[in-house]
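Worksheet: the structure to be examined is printed underneath.
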Amino acid sequence: MKSFYYKKEIWGPTAVQQSYEGRAGLGNNQPGDGQKFMGRGFIQITGRNNYAAFGQMIGEDLLSNPDRANDIYIAAKMAAAFVKKGLGGKLNSFSSQSEANRAVTQTIGGS
């Protein structure tokens, strides 16, 4: 697996991706939100709530244009905001990259 290789989630949709639809924890409260707010950026933010929060942190309207998160500069700003907010600081406590990747996925994706 290449870390930070994909800036956009590969959409199947898989069973997990289908579960994004209507998922309150992600803020996906409108029809089509599951796919609209799929994982994007180097850290693969997922869900309406995360797009709103990260957009506010970096000064970008990601709700109106979620594909902006694919832009390399926007993706880098989101990753920096993630670390600056303190979520990234928890990663040093994990014993393996796999364990850290799972923790990041759960933190960002809410699953």
Side-chain angles (χ1 to χ4, degrees):
M1 179 176 138
K2 297 178 182 180
S3 295
F4 306 112
Y5 181 78
Y6 295 100
K7 290 190 304 301
K8 184 176 181 182
E9 183 174 354
I10 298 170
W11 194 259
T14 65
V16 170
Q17 290 167 330
Q18 289 174 336
S19 77
Y20 296 168
E21 194 66 27
R23 196 153 144 203
L26 293 175
N28 292 342
N29 56 17
Q30 297 179 25
D33 277 358
Q35 186 171 7
K36 183 176 183 179
F37 298 108
M38 69 173 81
R40 289 189 183 86
F42 295 130
I43 58 170
Q44 295 290 296
I45 64 166
T46 306
R48 178 180 285 276
N49 287 347
N50 284 322
Y51 276 77
F54 276 89
Q56 185 174 14
M57 282 188 268
I58 66 170
E60 293 286 338
D61 182 4
L62 298 178
L63 287 177
S64 295
N65 190 356
D67 279 328
R68 292 274 298 140
N70 294 329
D71 178 277
I72 192 167
Y73 297 106
I74 301 300
K77 282 179 159 183
M78 290 188 313
F82 173 76
V83 173
K84 184 177 180 182
K85 188 174 177 181
L87 298 173
K90 298 175 185 176
L91 301 181
N92 293 331
S93 65
F94 297 106
S95 60
S96 69
Q97 181 176 351
S98 176
E99 189 178 316
N101 287 344
R102 276 192 301 277
V104 169
T105 300
Q106 289 173 344
T107 300
I108 297 168
S111 51

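Computed from heavy atoms alone, side chains included, the values below leave out hydrogens, waters and symmetry copies. Given the structure is predicted, the values throughout are model-derived calculations rather than measurements.
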To the nearest 0.5 Å, what is the distance between [atom1] ([X]) and [atom2] ([Y])?
X: R68; Y: I58; atom1: CZ; atom2: CD1; value: 8.0 Å
X: N28; Y: S19; atom1: CG; atom2: OG; value: 9.5 Å
X: Q18; Y: R23; atom1: CD; atom2: CZ; value: 13.0 Å

Checklist outcome for this item: From the list Q35, E9, K36, side chain to side chain donor-acceptor pair (under 3.5 Å) with Y20 holds only for E9
Checklist entry - Can you name the closest pair of heavy atoms from D67 and R40 and give their distance? => result OD1-NE, 3.0 Å
Checklist outcome for this item: Taking every heavy atom of A69 against every heavy atom of A75, the minimum-distance pair comes out as O-CB, 3.7 Å
Do the side chain of [X] and the main chain of [Y] share a donor and acceptor less than 3.5 angstrom apart?
X: S64; Y: L62; result: no
X: D33; Y: Q30; result: yes
X: E21; Y: G32; result: yes

Are side-chain heavy atoms of [X] and [Y] found at a separation under 4.5 Å?
X: M38; Y: T46; result: no
X: F82; Y: F42; result: no
X: L63; Y: D61; result: yes
X: I45; Y: F37; result: no

Checklist entry - Is the CD atom of Q56 crowded by more than 12 outside heavy atoms at less than 6.0 Å? => result no
Next on the checklist: Looking only at the side chains, is there a donor atom on one of E60 and Y51 sitting less than 3.5 Å from an acceptor on the other?
Outcome noted: no
